[in-house]
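Inspection log for the structure reproduced underneath, given as structure tokens.
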Amino acid sequence: MSMTEAYSTLTVKDFALLFGTEVADIQPSCRDLISIYDFRSRKLSGQEQDAVVCAVLDRLDTHGFTKSGVLAKARWEKGWEENLQEFLKNGEDIKALAPKYLRAGQPVRLFGAYVMPFDSLFEQHWREVYREWLFGKYFKDAPVVYEFGCGTGLDLAYLAQRFPQKELHGFDWVEQSRMTVDLLAKKYGFNMQGHVFDMFSPQSDVVFQKEATVFTFSALEQVGRDFEPFLEFLLRIKPRLVVNIEHISELFDAKNTFDSLALRVINERNYLRGFLTSLKERSAAGALEIQCVHRVPFGSLYVEGYSYTIWRPR
């Protein structure tokens with residue numbers, strides 16, 4: 001990182017390290033975003049780091065976290081309804097679809113430490129660069145893309161602008177998501193359609209195309225250990241490629257304080273656990289092929305949720 005006063009800024013080389021690739025693999029469009037946004041941050045002092053750890057421990061001890069799972073559906077209906085109404089009030093502006101869980105003004109996790117961003121929208125802008133790189137690398141040859149757990153449809157809207165020729169489908173378990181995706185298609189002429197879909201009990205009347213790419217983006221975390229029905233569903237429809245952008249609990253080190261905090265949050269919130277282990281077992285059995293797994297050392301205050309697993313059914 002290059003220094004500017006007390007702050008250091010992420011360079012193209014840093015982004016390559018975060019993404020698990022080479023500098024030459026960072027596309028010009030990504031470099032443009034990196035040059036536009038302010039990616040300065042400062043590493044917290046020892047005392048500040050201690051304060052953050054104590055605050056996380058206190059919230060864990062008092063069970064102050066909401067939990068994922070089937071019973072959390074009402075919470076997501078309320079959350080996506082808020083985004084939908086904000087989208088409508090703002091003249092159907094795509095920026096209004098940014099999820100509320102992308103909180104500004106908090107420390108973030110970066111290269112194994114807590115840092116305080118200079119820009120309050122640091123994580124949101126980082127996510128844009130990451131999405132530009134990852135989708136440009138793995139989605140460019142897919143004529144059809146399915147997103148499961150599409151939420152507000154923000155990532156689908158990006159894909160529709162980046163690759164207007166692609167057929168896009170957004171699946172989520174709440175009606176508000178389907179409505180938002182269909183409104184986006186109508187307002188902007190995007191080639192996309194929304195569908196109601198429950199990953200806990202996966203069923204759909206959609207005729208899935210085998211040349212499609214499937215992805216999840218911070219969606220599987222909500223199913224906890226109950227991911228097997230959805231995994232079996234993916235193996236049945238046999239897409240050409242599956243991209244899961246999630247935290248990967250198996251890559252955390254329980255003996256490391258920084259990692260153990262994230263693992264405790266994952267357990268407390270009933271987030272995704274055991275997914276990579278199941279993929280490896282199925283790979284050994286010949287059901288699928290894992291092409292790439294990478295832990296992305298960046299995340300929000302509580303967990304690194306941007307790691308990726310690339311695989312395909314056999």
Side-chain angles (χ1 to χ4, degrees), residues 68 70 72-88 92-102 124 127-128 130-132 134-135 138-139 142-164 166-209 212-223 227 229-231 233-234 237 239 241-247 271-272 305-306 308-309:
S68 65
V70 175
K73 185 175 182 179
R75 188 172 75 248
W76 289 104
E77 288 175 333
K78 179 181 178 181
W80 296 151
E81 176 66 22
E82 289 177 358
N83 275 104
L84 174 58
Q85 293 306 317
E86 188 170 336
F87 176 64
L88 294 171
E92 297 175 288
D93 185 353
I94 293 174
K95 293 180 180 179
L97 299 177
K100 304 299 183 184
Y101 58 73
L102 293 175
Q124 186 171 320
R127 196 178 188 273
E128 289 183 36
Y130 182 48
R131 184 177 57 188
E132 178 73 16
L134 193 75
F135 290 5
Y138 290 104
F139 290 25
V144 184
V145 177
Y146 303 126
E147 180 183 10
F148 289 90
C150 66
T152 65
L154 182 64
D155 294 318
L156 288 173
Y158 159 78
L159 276 169
Q161 295 171 90
R162 181 79 159 75
F163 303 108
K166 295 188 188 302
E167 177 184 331
L168 307 175
H169 294 265
F171 298 81
D172 202 283
W173 64 341
V174 301
E175 177 66 18
Q176 290 85 346
S177 289
R178 183 200 64 78
M179 292 171 61
T180 306
V181 170
D182 288 347
L183 281 171
L184 280 166
K186 183 178 180 180
K187 169 72 174 181
Y188 295 98
F190 292 157
N191 184 19
M192 64 166 65
Q193 184 177 357
H195 311 271
V196 175
F197 182 90
D198 185 353
M199 285 195 287
F200 291 100
S201 180
Q203 301 178 49
S204 178
D205 295 331
V206 173
V207 178
F208 292 95
Q209 301 184 40
T213 289
V214 163
F215 79 100
T216 65
F217 203 146
S218 300
L220 284 181
E221 67 179 23
Q222 294 299 314
V223 302
F227 58 80
F230 180 62
L231 182 51
F233 169 81
L234 293 180
I237 67 171
L241 196 67
V242 180
V243 179
N244 299 123
I245 308 157
E246 310 280 346
H247 68 261
Y271 274 176
L272 181 69
Y306 295 103
Y308 58 84
T309 308

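In this chain, numbering begins with 1 at the start of the sequence shown.
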Taking atom types as modelled, find out whether [X] and [Y] have a side-chain donor-acceptor pair closer than 3.5 angstrom.
X	Y	result
Gln222	Trp76	yes
Gln124	Glu128	no
Glu246	Thr216	yes

So the salt bridge (charged side-chain N to carboxylate O under 4.0 Å, His left out) pairs with at least one residue in residues 145-159 (sequence neighbours excluded) are Arg127-Asp155, Arg131-Asp155
Taking [Y]'s backbone N and O only, do any of them form a donor-acceptor pair with [X]'s side chain (distance below 3.5 Å, no angle check)?
X	Y	answer
Thr213	Val145	no
Tyr130	Tyr306	yes
Asn83	Ala98	yes
Lys166	Ala142	yes
Asp198	Gln203	no

Pairs where residues 183-194 contributes a residue and the test side chain to side chain donor-acceptor pair (under 3.5 Å) is met, not counting sequence neighbours:
none
To the nearest 0.5 Å, atom CG of Leu156 lies from atom CZ of Phe215 at 5.0 Å
Does the plane of the ring in Tyr158 sit parallel, tilted or perpendicular to the ring in Phe135? Use 30° and 60° as the thresholds.
tilted
So does Glu81 pair up with Lys78, basic N to acidic O under 4.0 Å?
no
